[in-house]
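Everything on this sheet refers to the single structure shown next.
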4 protein chains.
Amino acid sequence: MPNPPNPARRSQSSRRAILAAAAELCSELGYGQVTIEAIAARAGASKKTIYRWWPSKGAVMLELIDETATITAAHPDTGDLAADLRTQLSAVIDLLTPAHTSPVAGLIAEALNDPDLARDLRDRLIKPRIARFKERMRRAQDAGQLSPEVDLDVALDLLYGPLYHRFVLHLGMPDADHLDVLIAHALRAVDPSTNT
Amino acid sequence: MPNPPNPARRSQSSRRAILAAAAELCSELGYGQVTIEAIAARAGASKKTIYRWWPSKGAVMLELIDETATITAAHPDTGDLAADLRTQLSAVIDLLTPAHTSPVAGLIAEALNDPDLARDLRDRLIKPRIARFKERMRRAQDAGQLSPEVDLDVALDLLYGPLYHRFVLHLGMPDADHLDVLIAHALRAVDPSTNT
Amino acid sequence: MPNPPNPARRSQSSRRAILAAAAELCSELGYGQVTIEAIAARAGASKKTIYRWWPSKGAVMLELIDETATITAAHPDTGDLAADLRTQLSAVIDLLTPAHTSPVAGLIAEALNDPDLARDLRDRLIKPRIARFKERMRRAQDAGQLSPEVDLDVALDLLYGPLYHRFVLHLGMPDADHLDVLIAHALRAVDPSTNT
Amino acid sequence: MPNPPNPARRSQSSRRAILAAAAELCSELGYGQVTIEAIAARAGASKKTIYRWWPSKGAVMLELIDETATITAAHPDTGDLAADLRTQLSAVIDLLTPAHTSPVAGLIAEALNDPDLARDLRDRLIKPRIARFKERMRRAQDAGQLSPEVDLDVALDLLYGPLYHRFVLHLGMPDADHLDVLIAHALRAVDPSTNT
DNA sequence: TTCTAAGCGAGACGGTACGTCTCGTCTTGAT
DNA sequence: ATCAAGACGAGACGTACCGTCTCGCTTAGAA
């Protein structure tokens, strides 16, 4: 009976207004203070319209991030792997900072208590970005910058792990120099031949 | 004048009942369903009593964890560093799993949107455990199991980072074999002389 | 320019389906549960179509009643005035009962908070029926069954008043015997020569 | 589980503020525009507090009327029955007029679509007032102003019926003169010896 | 016979109010 | 003074209808 809505008739202006309102409120008040009510009021949209297209506030934020954070997904390829990784990891740090008003940080926190959202977060945001990370790493292997033996899953854990470890336990993000140290350790761990 | 309460007159039976109720509710219903109301009802305590002694539900859970999870803080010392790390990291994984009913996972999530709680989490739970990790590592250095040059902060990041990275992005915890692989990589990264 | 719709092009099948749906919903769920949404869904009609031809749910119900309840308007004339009045007043009681699913009762309730609807109710439903009541009474006067001096407005009040009084204050409708008593009193009041 | 609230701990100031807000809104905006939301906002009360003590807006209005309209229940006794009835019936007319902002009129309308409210309206408001009407009539009988044979239920119907008949069908309330005519007819109907 | 203007179904939209829920504070009376 | 109990103000939740709107699709006469 409660037919799913027809996406063809969806109002793009409402969608844009809702995502924009969500972004504004998050940066102004912090993720925790964003509510469906406030988004609707700010967007000049009806709550029903939000609930029609998204199951929860987290789903709105996820879509917002998905649109906004495409840049971060793009791994540069200057030929210098370590430098390119530093560039990309710095972008991730910026995405997570400051935690209070970061949609990504808030979404990650919310997903920890919402299995549906967790699945969407992983499948729609994280996995594609992991795929692009691995593409970049394979290009490095093809170009002889990295041993073809390297386990890319381990590389992922060692490169991104420290960031999320520090983020989630509030230990402070590494500065530029320390980021270099971490990258150098990670690359050496997976590829002892690396001479960084 | 809202005088601070007098700890000397605090009812220890209320405190115990509240912490016990919080633990039960968390394992029964999941962290997200635990509310101050429910804790008070289950404990036969007044909400006012809870608010008198703790600023938030997260603070209650933190105190609960602090009492419960002392074991995990203890790093074994069998003389085999890699094996001891595997034991301890496995215990950490168990503490975070299953995310839905784990007080630690819930507390970490909540702290991401509550700066006061984040500070308490870091200073009262995390930092002491990091100190014990470093003590164990220093013992390994003293025993010649590990190079005295090793940067223990980097080691911390490389060993624990992968766990939190996977936990927070819902990528699945490593199984026993993979955990060994990760530990071996981390130790090799910080101490190339390691022959694991 | 919101042109008024062209009645010549009106779909009679839609009109019938809408009125039928309204009648069904009212008897199934009660007047209060009938909504424009539900009528449209049941009738397979668009809400827009309903709003095009009727200003409100009450107006739909009024038109429904106007079509249905023509019988009640017909005052029988067997030559026995008291008996004929009992017949007609019984029909009115049936129209108002049970209050929960009676379109007439619901419409009367709704009109109490909607002046436009109240006017339509009075002018399109009530006044024509009052006129037929007075015609019957005048025939009784012409036939010598009732004094030509009788004030027909007072007679109307005394005959129908008790019904609406009891209806609106939920005092229970008179049974057949009590109805006779009321009619006898009313006729005696307006025409002391009546020997009932 | 959902314990009924404890009346002993009820806040009288909240109760007074809620009833006062309801009265103000009804006279300012009309019964139909009064909402629980608006009452709560005007009263500085929480919606929860209203729902805790009253099942619906109608129940609030009923309690308001019960407190306010005690005067109307009082039948004067000057020794002149017809005059006293005119006084009291005029007061009833005033209570019902203007329909738009009259809490009584609105409540009557609402009760027509809410059986629970209808029962409360009848038992808490109407029946006690009918009892006082009958007391006054019995005093008239005792004083020899009215025949002891008179059926007081019929008298009630004939005296009040015309008012509710006209009210509910929007036929216009009787003016003072016409009210006298109606009272005279009603008294004559129940007591032919009356010489009014 | 094609054109064109309207009514039609469907249903998304901005709103408003609903009745419920949880929060953190406040009040009361017993210990 | 602390406690259990729980009422309170506040305000977000998700739902239901409201009345308006835009969209294609019939479905007429009119050209």
Side-chain angles (χ1 to χ4, degrees), chain A residues 2-11 13-14 17 33-41 43-53 55-57, chain B residues 2-3 5-11 13-14 17 33 35-38 40-41 43-53 55-57, chain C residues 2-3 5-11 13-14 17 33-41 43-53 55-57, chain D residues 2-11 13-15 17 33-38 40-41 43-53 55-57:
Chain A
N3 288 353
N6 179 350
R9 309 194 52 178
R10 182 167 188 181
S11 159
S13 67
S14 284
Q33 317 315 314
V34 180
T35 63
I36 299 274
E37 302 256 339
I39 295 173
S46 154
K47 284 166 65 179
K48 177 108 187 190
T49 299
I50 300 180
Y51 284 112
R52 179 152 33 224
W53 302 109
S56 66
K57 157 185 153 185
Chain B
N3 286 352
N6 179 350
R9 308 193 54 169
R10 181 169 188 181
S11 158
S13 68
S14 284
Q33 317 316 313
T35 63
I36 299 274
E37 302 261 358
S46 161
K47 286 165 63 180
K48 179 115 189 183
T49 300
I50 300 180
Y51 283 111
R52 178 152 31 226
W53 301 109
S56 68
K57 155 186 154 186
Chain C
N3 287 351
N6 178 350
R9 308 193 55 172
R10 180 168 188 182
S11 159
S13 68
S14 283
Q33 316 316 314
V34 179
T35 64
I36 299 276
E37 301 254 335
I39 294 173
S46 161
K47 286 165 65 180
K48 179 114 188 186
T49 300
I50 300 180
Y51 284 111
R52 177 149 36 221
W53 302 109
S56 68
K57 157 186 153 185
Chain D
N3 286 353
N6 179 349
R9 307 196 51 177
R10 182 168 188 181
S11 159
S13 68
S14 285
R15 180 175 169 279
Q33 317 316 314
V34 179
T35 63
I36 299 274
E37 301 255 337
S46 158
K47 286 165 64 180
K48 178 114 187 186
T49 300
I50 300 181
Y51 284 111
R52 186 163 14 235
W53 301 110
S56 67
K57 158 186 152 186

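Each chain gets a letter, A, B and so on, in the order the sequences are listed, and its residues count up from 1.
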Kindly give the heavy-atom pair with the smallest separation between [X] and [Y], and that separation in Å.
X: D:Ile36; Y: D:Lys47; result: CG2-CG, 4.4 Å
X: D:Ala17; Y: D:Ala43; result: O-CB, 3.5 Å
X: D:Ser46; Y: D:Ala40; result: C-CB, 4.2 Å

Tell me whether the OP1 or OP2 atom of [N] has a side-chain N or O from [X] closer than 4.0 Å.
X: C:Ser14; N: E:dG9; answer: yes
X: D:Trp53; N: F:dC8; answer: yes
X: A:Arg9; N: E:dA10; answer: no
X: B:Thr35; N: E:dC23; answer: yes
X: B:Thr49; N: F:dT2; answer: no
X: C:Ser11; N: E:dG7; answer: no
X: D:Arg52; N: F:dC8; answer: yes

C:Trp53 six-ring face occupied by C:Arg10 cation (under 6.0 Å, within 45°): yes

How close or far is atom [atom2] of [N] from atom [atom1] of [X], stated in whole angstroms?
X: A:Gln33; N: E:dC23; atom1: CD; atom2: P; answer: 15 Å
X: D:Arg15; N: F:dA7; atom1: CZ; atom2: C1'; answer: 16 Å
X: C:Ile50; N: E:dG11; atom1: CD1; atom2: C1'; answer: 13 Å
X: D:Lys47; N: E:dC21; atom1: NZ; atom2: P; answer: 13 Å
X: D:Ile36; N: E:dT20; atom1: CD1; atom2: C1'; answer: 13 Å
X: D:Glu37; N: F:dG9; atom1: CD; atom2: C1'; answer: 14 Å

Once you apply a heavy-atom cut-off of 4.0 Å, does C:Ala45 come out as touching a base, just sugar-phosphate, or nothing? sugar-phosphate

Sorted by position of nearest nucleotide on DNA chain F, 5' first, the leading residue of B:Ser46 and D:Ala43 is B:Ser46

Between the side-chain atoms of C:Lys48 and the base atoms of E:dG9, is any donor-acceptor pair under 3.5 Å? no

Closest-nucleotide 5' rank along DNA chain E - winner of D:Val34 and C:Asn6: C:Asn6

Both B:Tyr51 and C:Arg10 contact DNA chain E. Which one's nearest nucleotide lies toward the 5' end? C:Arg10

Taking side chain as C-beta onward, heavy atoms only, is C:Thr49 less than 4.5 Å from C:Arg52? yes

